Number of protein chains: 2
Amino acid sequence: MARARAQRNATITDVAREAQVSIKTVSRVFNDEPNVRPATRDKVRAVAKDLDYHPNAAARSLAGRRTHLLGLAYGSVSPNYVYDIQKGAAARLEADRYRLVVMPFVEGEEAPARMRALARTSAVDGLVLVPPLGDDAATLAAIEQSGLPYVRIAPTRGESRAPDVSMDDRAAVDDVVAHLAALGHRRIAIVRGRPNHSSTAIRFAAFKESLERRNLAYRAELSVEGDYTFASGLEAGRQLLALAEPPSAIFASNDDMAAGVLSAAHEAGVAVPRRLSIVGFDDSTIAQVVWPRLTTIHQPTCDMAHAAVDALLALIQGRPSPAHIVLPHRLIDRGSTAAAADAAAEPAL
Amino acid sequence: MARARAQRNATITDVAREAQVSIKTVSRVFNDEPNVRPATRDKVRAVAKDLDYHPNAAARSLAGRRTHLLGLAYGSVSPNYVYDIQKGAAARLEADRYRLVVMPFVEGEEAPARMRALARTSAVDGLVLVPPLGDDAATLAAIEQSGLPYVRIAPTRGESRAPDVSMDDRAAVDDVVAHLAALGHRRIAIVRGRPNHSSTAIRFAAFKESLERRNLAYRAELSVEGDYTFASGLEAGRQLLALAEPPSAIFASNDDMAAGVLSAAHEAGVAVPRRLSIVGFDDSTIAQVVWPRLTTIHQPTCDMAHAAVDALLALIQGRPSPAHIVLPHRLIDRGSTAAAADAAAEPAL
DNA sequence: TTGTACGCGTTATCAT
DNA sequence: ATGATAACGCGTACAA
């Protein structure tokens, strides 16, 4: 049989005519609404398939006032993090009913204005804010005011009516310190993250508290600022290892920096973990491709994104959902930590 | 002054009424069409700003028959690659006129059917195909038939009417072999990529030819299959280093695998680059975070994505653009390669 | 359970 | 240079 040249895509009207029902009935069928007799439903589906009918996305958006698009907004974060977030988010987007629009923001760009425009043009139905974007007051205010539904991943600042998904950073950092302390480390350094990421302050404060709790002194010279990049970790590592009295363990606030510290150790000929223990944070893929592999905190990034989209869809569709979701973390002990070399030499307590 | 509660977003009609022109004129202004007097244009813009008018995306799509959305379709590729691609693509999307929809395909999923649906629902204006999706015949056929504009990044198979952006893999591989040969290496191994990626065959064939060209023997036992993952590189490295006569240099078909080989060397206590040289491919971020850093081929991934979007927009907007774009690569000599240890010991030629 | 008629907010056609 | 009016294809009151 000759394939009819499709001059024009079949519309809902065509299906209605062919199936001898009204367009409303076709609409009901395609939106899984009740009150359609099974026979009618089947008939409509059959005709639709025959005509290769697919509802037009734009028309749906216009009439239905929703785009079936979700925006994923993020600023400067590592490739692995973005990848995991997208993977988790995509997993929750049931096949083709919703789609993900990526919106990378370069630092310093006018995020609030773009957010407003986004809402005013009805370009997306909702927004997932990845840190540190979810902590920016101006951006947040713009979105709040626009009325666009949104959820935040791992926010640390700013109260909002929106749901958020996170993990317990404080507890995780305490796990790190506990782990190192148990190995006999007493000179523990920290490489902090980028100053404007609020997670930086959280993790740093938790670090100090955890030390205190174990009667370990916090020393300012063992605290170095980084910016969550590998390069900054490398620099911080060099700095710490050049100290007259270098630390026996270094906690980097994320894996990229931990890998940088590791490279600094390699450079300096410091054996890891024999002479230096290193702990990261995130369990991003980099943690498993360096040598030795990094002991780190597993952050459930994929699951967090999944949960975030879940909450966002609930918000959009008017279903109830928890305001705060906290997902479990865990410390993964790989090869980059070991007992302190000087543990035996030093007098206990 | 009291902020008027925006009951309803301002529409083109509101602007037209307020500016005392027709809606068509407003439309002209917002679409940068000619034939509008400067004075009229200014007036319209002023009113629009006053009313905080933003054209509705859905209405535009419906009436204009284009969504201003570009799909980025990809299968199983590394996080760094995806990240670079998105970054490059986003850079070409002039602020907010076009947006990027990410479409990850899990292996074995019915890509052709989803592509057809995509086209029939007019969900996107065009598609960027990231390898190896652009090499799949069925997927390609589905898109071709649908008439959806698309471009392919680094395709290796299948003729199509669509433009493509790539680099010269063969030449790049030859650069690698030349580099190693110049360092005195004669036992050079290769870790191949995933079998169903056609780049794998290309790079492998080029490798063999390059050896021959230099009168270096190709040895089957020095060719190991991987799948472009770190884990497969690790395994391949173990295998090669366990050989009675291990290679003095290993070329891995991408950086992830090269990093895996490097870890295998660390495990085995083989000094890199003193006893073993390693070369990667791609220059993804992993190349700079392992120790030593990887000598590798810089693949201009960002630029390729940029060029791809450029070509796609040209296609969509009916502008001319080259059918094939080849971007330059270069070998980056970092720390993972050095003169062969046995170069002096072995008789020349 | 099904249908009618209108509205969504734009772009496109064709006239003036 | 500008305008009137018809699509665009679907969702949704409301009626039957």
Side-chain angles (χ1 to χ4, degrees), chain A residues 6-44 47-48 51-68 97 117 119-123 125 316-317, chain B residues 6-45 47-48 51-69 97 119-123 125 316-318:
Chain A
Q7 304 284 7
R8 189 177 64 83
N9 284 347
T11 72
I12 196 171
T13 314
D14 299 329
V15 177
R17 180 174 11 81
E18 212 70 20
Q20 311 193 32
V21 296
S22 73
I23 63 167
K24 176 60 197 171
T25 298
V26 179
S27 175
R28 285 200 181 90
V29 171
F30 273 84
N31 290 295
D32 292 316
E33 284 174 36
N35 295 337
V36 181
R37 252 188 313 181
T40 311
R41 186 178 299 272
D42 292 346
K43 168 89 181 201
V44 169
V47 170
L51 265 45
D52 191 27
Y53 166 73
H54 293 257
N56 178 285
R60 279 194 141 166
S61 301
L62 183 57
R65 293 161 172 285
R66 68 201 123 104
T67 62
H68 289 281
R97 281 209 57 90
R120 290 293 279 96
T121 57
S122 302
D125 291 345
I316 291 172
Q317 296 162 359
Chain B
Q7 305 285 6
R8 190 177 62 84
N9 284 346
T11 71
I12 196 171
T13 314
D14 300 328
V15 176
R17 180 174 10 81
E18 212 69 20
Q20 311 195 34
V21 296
S22 75
I23 61 170
K24 178 59 194 171
T25 299
V26 178
S27 176
R28 285 197 182 93
V29 171
F30 274 84
N31 289 293
D32 292 317
E33 283 175 36
N35 295 339
V36 181
R37 252 188 314 179
T40 311
R41 186 177 299 271
D42 293 346
K43 170 91 182 200
V44 169
R45 287 229 179 273
V47 171
L51 265 44
D52 191 28
Y53 166 73
H54 292 257
N56 179 284
R60 278 196 141 164
S61 301
L62 182 57
R65 295 159 170 288
R66 70 203 123 98
T67 61
H68 290 281
L69 291 176
R97 280 209 57 89
R120 290 294 279 98
T121 57
S122 303
D125 291 346
I316 292 171
Q317 295 162 0

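Values in this document were obtained by computation on a predicted structure and should not be read as measured data. Letters A, B, ... are given to chains in the order of the sequence lines, protein chains preceding strands, and every chain is numbered from 1.
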Which part of the nucleic acid, if any, lies within reach of B/Ser61 when heavy atoms closer than 4.0 Å are counted: base, sugar-phosphate only, or nothing?
-> nothing
Give the minimum heavy-atom separation between [X] and [Y], together with the two atoms involved.
| X | Y | value |
| --- | --- | --- |
| A/Ala10 | A/Tyr53 | O-CD1, 3.3 Å |
| A/His68 | A/Arg97 | ND1-O, 2.9 Å |
| B/Ser61 | A/Ala58 | CB-CB, 3.4 Å |

Which letters describe nucleotides 8-16 of chain C, given B = protein heavy atom under 4.0 Å from base, S = only from sugar-phosphate, - = neither?
-> BBBBBB---
Donor-acceptor pair, side chain of A/Arg120 and main chain of B/Asp52, under 3.5 angstrom | yes
Okay, side chain of B/Asp42, backbone of B/Ala39: is any donor-acceptor separation there less than 3.5 Å?
-> no
Euclidean distance, B/Thr25 OG1 relative to B/Arg37 CZ, rounded to 0.5 Å = 10.0 Å
Rounded distance [0.5 Å steps], CD1 in A/Ile316 versus OG1 in A/Thr67 = 8.0 Å
Between its two end axes (five pairs each) the helix from C/dT1-D/dA16 to C/dT16-D/dA1 turns, nearest 10 degrees, through 20°
Between D/dG9 (C1') and A/Arg17 (CZ): distance, integer Å | 14 Å
Can you tell me the distance, in whole Å, between the CD atom of A/Gln20 and the P atom of C/dG3?
-> 10 Å
Taking side-chain contact (heavy atoms from CB on, under 4.5 Å) as the test, write out the residues that go with B/Ser27, two or more places apart.
-> B/Ile12, B/Lys24, B/Asn31
Output yes when at least one side-chain N/O atom of B/Ser22 is less than 4.0 Å from OP1 or OP2 of D/dT2, else no.
-> no
